[in-house]
Amino acid sequence: QEKGTIYYLVPTLLDEFQTGSVSAIEKFMGDVGYKTVTLNADNKTDVQQGQMNDVIALKPSAIVLAAVDFNALKPQIEAARAAGIPVMEFDRQITSTPSDLTSVAGTVEIGHVAAGEIERLLKEKNGSVKGKVLQVLGDPGDPYTLDIQKGFEEKMKAFPDVTIISKPAMQWEASNAGSIVSDQLLANPDIDLVFVHAAHLAVAAVASMEAAGKKPGDVLLVSSNGAPVGLDLIRKGWEQVEVEQPLFAQAAALAMFADKVVNKQEIKPGKYEVLGLDGEVTIETWGPNIKLPGAAITKGNVDDPKFWGNMKTPESKVTPVP
Amino acid sequence: MSDTTPLLRLDGIRKNFGAIEALKGISFDIGRGEVVALLGDNGAGKSTLVKIISGGQEPSAGRMIYEGREVSFSSPAEAKAAGIETVYQDLSLCTNVDVVANFFMGREIVKRYFGIPVLQEKEMEAATAKAISDAGTRIPSLRTNVEHLSGGQRQAIELNRFVHWGGKLVLLDEPFAALGVEQTRRGLEMIKKIAAQGIGVVIITHIMAQAFQVADRIVVIRQGIVAGDVRADDTTADKVVRMITGEALRPSPATPAEAR
Amino acid sequence: MSDTTPLLRLDGIRKNFGAIEALKGISFDIGRGEVVALLGDNGAGKSTLVKIISGGQEPSAGRMIYEGREVSFSSPAEAKAAGIETVYQDLSLCTNVDVVANFFMGREIVKRYFGIPVLQEKEMEAATAKAISDAGTRIPSLRTNVEHLSGGQRQAIELNRFVHWGGKLVLLDEPFAALGVEQTRRGLEMIKKIAAQGIGVVIITHIMAQAFQVADRIVVIRQGIVAGDVRADDTTADKVVRMITGEALRPSPATPAEAR
Amino acid sequence: MISTRHRAVIEFVLDHLVWFILIAVVALFSFTVPSYFQIGIFANIVEQSTFVATLAIGLSLLIIAGYMDLSVESVMALAAMVIGILFAKSGVGLGLTLTPAWLIVPVSLAIALAVGAVVGASNAFFVVRLKMNAFIVTLAAYIWGRGLVVALSGGRSAQELPAELRFLAIERFLSVPLIAWVSIAATLAFAFILNKTPFGRHLLLVGGNATAAYRAGIRVDRLTATTFVLAGAIAGLAGWLLAIRTSGATANLGVGMLFQTFAAVVIGGVSLKGGVGSLTGVYAGVLLLASIQTAINLMGMPAHFTQLIQGGMVLVAVLLDTVKIAIRKKLA
Amino acid sequence: MISTRHRAVIEFVLDHLVWFILIAVVALFSFTVPSYFQIGIFANIVEQSTFVATLAIGLSLLIIAGYMDLSVESVMALAAMVIGILFAKSGVGLGLTLTPAWLIVPVSLAIALAVGAVVGASNAFFVVRLKMNAFIVTLAAYIWGRGLVVALSGGRSAQELPAELRFLAIERFLSVPLIAWVSIAATLAFAFILNKTPFGRHLLLVGGNATAAYRAGIRVDRLTATTFVLAGAIAGLAGWLLAIRTSGATANLGVGMLFQTFAAVVIGGVSLKGGVGSLTGVYAGVLLLASIQTAINLMGMPAHFTQLIQGGMVLVAVLLDTVKIAIRKKLA
Ligand SMILES: Nc1ncnc2c1ncn2[C@@H]1O[C@H](COP(=O)(O)OP(=O)(O)OP(=O)(O)O)[C@@H](O)[C@H]1O
Ligand SMILES: Nc1ncnc2c1ncn2[C@@H]1O[C@H](COP(=O)(O)OP(=O)(O)OP(=O)(O)O)[C@@H](O)[C@H]1O
Ligand SMILES: O[C@@H]1[C@@H](O)[C@@H](O)CO[C@H]1O
Ligand SMILES: [Mg+2]
Ligand SMILES: [Mg+2]
């Protein structure tokens, strides 16, 4: 707290990952001596643009930005950095303008991991990689979901026997996802697996399966982001895999490098261990970037406390990278 | 029928709308069974006075003594409960519903089933049909929305629904303005009938003939003050017109005075 | 001033509203400089006829010959453009704006600056003040919204604004219903003046005295048909009343016939 | 000339045109959209209509009386979240249990109604007592209501309601889940109230001409306050149903339903100017929107085009409504 | 009794009460919220108000005339996306260039206005020609307009508009960026049109009593159609400004602004029933909302409570408005 204030601009608090990120960032930044103030943009780009402008006027030590829209904040990022305020990007990578550090799981990579898991699940169920997958996207205007879709479909191209039906859940709203699942279970009774792009959507998807008379495991379910409800659903057998976004590690990584960012010191590329995960820093055109691969959570490892969805914030303090 | 205390006594009623003083201290009495014609030029303050008596507007100052007790109605519902029925100049109908619904507005006939009040449309329709036809008005269908009715048909609904409810004092603000010859005749007769029952009546009109036909007393308001309060038998239409326009107050003007 | 062709000839005008036949074939003429009193019971169809002539409603059948040519106005704007001015029974004022804005509604005085028309409030206010005071009406401030005016004050605005624009035919639907004694007197005088300029006038009223005071001819509508079309000099109020109520059509009834 | 009988038939159709449009639209989809024509899909349409249909009851009553309520969506979410937090077994749910277990049905329903009624009462207080603009008051409640959902849940979800509640979403009568029947029953009950009781009559009168109603002795303020409380409680009911269907609640549950509700209400023939409307028409409006949404769910078009198509379809469906004017003109 | 002079002052304050509320609220925040009181923050408030203020012009005109336009937000997004796609250099942008380079200012502005006007004309066609309900027509346009943005961009964004456009967002006059001045100028221009020209007068008349206006010979249909086209074009202007500020466009750009715009319009004193309102009042309403949002940004309270607080503040700010009634009563 003695070192200054960092502003965290969170895009929304209407889903569990984002809510979790607030406490994680506040905790880890606290570990390394910064006070964090969080501003919620309520999923509105223009509100977030205004927040950036206001925060610049406050001259904080740094800004952590999880952008509502991946690229719409470019002018404000530039303005902040021009004013001497470093900008770190959390969870949502912005490639169109340089920033001081980016910490992501990689949305396209989440799609890749999900594809790998789904490949396995289909093979276990149908003997080979074939069948029907219902993919429930988030809002079709949100690049976050589009990137997962891209990564997922890119990998699944290799399996022509898999049919993918994709439908958007407008505004990431859970009951929209529920309706899609109930309609599709009727239109395509042979759906083998449902892949939803966020765990809170899985809640409604499961309710629809149950109402359609399905038992856990009748229709396989894969989700991404690793939120607590997702892990609960795995324990109950409704869900098979959560592709986690390593929320804690993503947040901790920012804290580890916070001093360097604030003091405008160089961040060296290479491998760094973040809360037991292997992160890799690369220097990209948009600046230093640390990628923390998300793991697949299954029934076998669901109770591992390292998953943020188990809500056990690591007790050990993060220490700054020397 | 008569009694020493008047039915309603107005005492120094004032009403300001911002800078405008619409009423500057109005005092007069209305007796039981008495018909008072309230006359006055346009904008004199007649309708404002009616709204004050009927609980729709608060006076800025002054007292009302009704049946011997000082009252102040804070809503038309209260005035109604005290037995004051009003027919407003700007019609108070809901054009989005039919004639029957308007006729029974706020006083619907219901029957209770398991404690739930249910509207009795047939009964209400029959009662409406009788009242309208007694008034000499022809309305093609009582189930059409009032928005489709002619001016006179609308006024007939408004004028005749109050009769249905009796009361002790009836305020009629230009109730015949849109009525036909026959309908007006019946309206005037009706007023005499209710007065005969001991009900007090205040009627506003611009037609001298109507005033003299029914009124016991004539009260003239001019620019917010009482410019005359006379027995109808003791005056003439000409005299009253002069009270209204204010001519009587000036010594024989060369040109007819303009109400300015 | 006179001419062989009438100013307006109505020929078999019919109007149905769903199952209701409001007008069942109305034919009569209006001459230049002639004042026609259009009389009839409530719901007879007078206002409907006025709306048809003034372009506000389409007739279901029938023809209108105006200045010798068949016309069919598809909007009041077209009728206005042809020189037909109308004062409606249900007032056509915008209560959300002031007296001046209402007086000049649709015909605002403007001055152009760089081609942009700019409202000339002062001029409009002066013209309004003159017209209102000529009519004998008193309005505390021309800048108050019309919602705050009395019934007669409102009607004065509506009645007097048309004079400002001349025209060839003027339709007045119960224009004095809310006016005071003096204002009505001036209104009747005004009608005579306009007629003297060769303008045709149709006036609807329920007051026989008013009709006889100004009308050259009296046309009575009863239940959607013309029940009488007579010179005012050739008839009496009593006869006209009988035409209106339909008594004349029956051989001396024992009780006064009810308009049913 | 048209015969009276003929005219009566036409009038009937025109008066219930939304229903006929609905039938036309469903028939069209049944022919053109694969898998659309089956009982299960129709049941889904009815099921998906549950929440908007319920919200639409309260909103319609208020609009008919000449008011507005933007808060219903948030009130629904709030009620759902309260039920989720109290009774769901995982996530932020506390998993409270009652003995006997079935008591949870009336108790949770009462809680949901109460939550809604309290927000409704607060709206009523500001609108009726303090004479504030209903649009602003309920907009504020829309914002703080959702804010309260976030604050209470910490943005997290509650999951797994007990089977004693869930059976309402799972058990079916005539292929349609019980929760949908609840909303149908509520619609019919309030349709009765609107058409056949003094309360409903007074709503129409106040919406048509509040001054006239006031002068006629109707206690307009009390009526308005009651209606706001009712609309809140009904939104609470919607939240209860939504929680049961979702088997819990998420922080963004029901986002966007306000718009759909307004659309359904207006498509169903309620005039935003007040004084006009019927609840059965509104229910048809809800079904119409849900039929379109379902067709889109089944059509297999790229996700990017769904909104475009949806907007177009709403327009076309309502376009049918304009034939009304043409026909009425012919009738005259 | 109060003196006439005194009364005039009070009347003036009451007629411009939103401005006085704004001043009170800003003063309060300046004293209580750290860092609030500085030029930079005030400039931010004005800048953030740009888009809602611009949208509010067209919406106000339509509401004053007695209509509704829910499409403005999507029209704004559509115009922004078209500009982004045509002129932005990366993302889905095509990066078109013109010679001389400054030509991009008028050309892009004309395109944005045209996009808006076309949607406005389509709304006008359905509402005026086909006599469809404006709420439904513009709701459909709200849906398909956003749908078109998503379809055109594939849900992606366009970034980096050329410096010739961007300077409007960067250069400042009196600390306020030029784009904000554009919206202020537009507000003043339309305030003039509303108050001083026959067009504006006729809007008020039509909104007050469309029948009376029609009977008086005002061509109501033409007026309505013009106003829809204008509202569309103005939303196009808002989109142009937003694209310039964002230096491109994203698929979800401006989501939620419709609500803010409605709120500002109503807070600014425009009656949803039509016939009443002033554009300067609306601008004050926009600033009021932005001041509250900014105070929340600076207050540093737990993020979970921000919406709760925001809803409460909107309510309290508008509560001040109710003193109006009390004072007017005193005045009488
Ligand atoms: N709410 C109001 N605000 C401001 N002025 C008002 C209001 N109500 C009435 N007035 C004014 O008070 C005066 C009296 O109006 P009132 O309606 O009582 O007249 P009236 O005698 O009924 O006239 P009329 O014969 O024309 O009906 C008028 O000048 C009118 O403009
Ligand atoms: N839009 C409409 N729809 C249905 N019926 C209508 C409509 N307009 C008028 N009518 C009916 O047509 C008949 C004639 O109405 P109109 O207004 O012309 O009467 P009027 O002669 O002017 O009567 P009043 O003296 O009462 O003003 C009435 O029975 C009325 O109910
Ligand atoms: O993990 C979250 C998702 O759940 C989704 O809401 C979009 O943002 C991501 O960061
Ligand atoms: Mg009066
Ligand atoms: Mg008439």
Side-chain angles (χ1 to χ4, degrees), chain A residues 10 12-20 22-23 40 42-43 135 137 140-141 145-146 149 165-168 170-176 178-189 198-204 206-208 210-213 227-233 235-236 238 311, chain D residues 33-36 38-41 43-45 47-48 51 89-92 143 146-147 149-151 153-161 166 169-172 177 179 242 244-257 290 293-298 300 302-307 310:
Chain A
V10 68
T12 166
L13 289 174
L14 292 180
D15 80 61
E16 304 204 31
F17 179 88
Q18 308 297 355
T19 330
V22 173
S23 36
N40 171 18
D42 199 20
N43 261 333
Q135 178 179 222
L137 313 177
T145 199
L146 299 176
Q149 180 186 23
I165 303 160
S166 300
K167 295 283 161 196
M170 293 297 171
Q171 302 187 62
W172 293 93
E173 199 274 339
S175 71
N176 287 340
S179 298
I180 291 169
V181 171
S182 40
D183 287 342
Q184 285 295 335
L185 285 180
L186 282 172
N188 296 292
H200 70 276
L201 301 182
V203 174
V206 166
S208 290
E210 194 184 5
V229 280
L231 305 199
D232 283 336
L233 289 171
R235 292 189 186 96
K236 302 204 176 85
W238 282 106
M311 308 277 289
Chain D
V33 178
S35 337
Y36 197 93
Q38 51 173 307
I39 287 293
I41 287 295
N44 274 0
I45 291 174
E47 177 185 359
Q48 283 161 33
F51 321 103
K89 294 180 201 149
S90 47
V92 287
I143 300 172
R146 181 65 69 177
V149 171
V150 175
S153 65
R156 301 190 42 218
S157 319
Q159 214 260 318
E160 225 196 331
L161 285 177
R166 280 286 291 153
I170 294 167
E171 293 306 321
R172 288 159 188 266
I179 49 167
L242 186 56
I244 292 175
R245 190 217 199 188
T246 313
S247 189
T250 66
N252 75 355
L253 200 61
V255 161
M257 277 195 198
Q293 181 60 50
T294 300
I296 289 173
N297 285 348
L298 297 180
H304 289 135
F305 294 97
T306 51
Q307 265 178 298
Q310 200 190 4

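Residue numbers begin at 1 in each chain, while the letters A, B, ... track the order of the sequences.
Looking at L231(A), neither its backbone nor its side chain comes within 4.5 Å of chain D, counting heavy atoms on both sides. Of the atoms belonging to S35(D), it is side-chain heavy atoms, and not backbone ones, that fall under 4.5 Å from chain A. For chain A, the nearby part of V150(D) is the side chain; its heavy atoms alone come within less than 4.5 Å. Looking at I45(D), there are no atoms closer than 4.5 Å to chain A (heavy atoms on both sides), in backbone or side chain. In this structure, the portion of D232(A) lying under 4.5 Å from any heavy atom of chain D is its side chain and not its backbone. Interface remark: L186(A) contributes backbone and side-chain atoms alike to the contact with chain D (heavy atom separation under 4.5 Å). Proximity to chain A is limited to the side chain of E160(D), based on heavy atoms less than 4.5 angstrom apart. Residue contact with chain A, scored on non-hydrogen atoms closer than 4.5 Å, involves the backbone and the side chain of S157(D) alike.
Of all heavy-atom pairs between R245(D) and S182(A), the closest is NH2-OG, 3.8 Å. Nearest heavy-atom pair across N252(D) and E173(A) is O-CG, 3.3 Å. L201(A) and W172(A) get closest at one heavy-atom pair: CD2-O, 3.5 Å.
No donor-acceptor pair closer than 3.5 Å links the side chain of R156(D) to the backbone N or O of A251(D). Formation of a donor-acceptor pair under 3.5 Å by the R166(D) side chain with backbone atoms of A207(A) is found in this model. Remark: the backbone N or O of Q293(D) is not paired with any side-chain donor or acceptor of Q310(D) at under 3.5 angstrom. Looking only at distances, a side-chain donor or acceptor of S90(D) sits under 3.5 Å from a matching main-chain atom of Q159(D).
With respect to chain A, the highest number of heavy-atom pairs below 4.5 Å among V92(D), L253(D), I296(D) belongs to L253(D). Counting heavy-atom pairs under 4.5 Å between each of S179(A), S175(A), G20(A) and chain D puts S179(A) at the top. With chain A as partner, the option from S247(D), G155(D), G91(D) having the largest number of non-hydrogen pairs under 4.5 angstrom is G155(D). Chain A forms more heavy-atom pairs under 4.5 Å with one residue of Q48(D), Q307(D), E47(D) than with any other, namely Q48(D). When each of G154(D), A169(D), G256(D), S153(D) is checked for heavy-atom pairs under 4.5 Å with chain A, G154(D) comes out on top.
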> Taking it one step at a time, do Q18(A) and N40(A) satisfy side-chain contact (heavy atoms from CB on, under 4.5 Å)?
Replying inline: CA-CA 10 Å; Q18(A) 308 297 355; N40(A) 171 18; over 6 Å; no
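Inter-residue side-chain proximity for Q149(A) and P140(A) is flagged as unmet; no heavy-atom pair is nearer than 4.5 Å.
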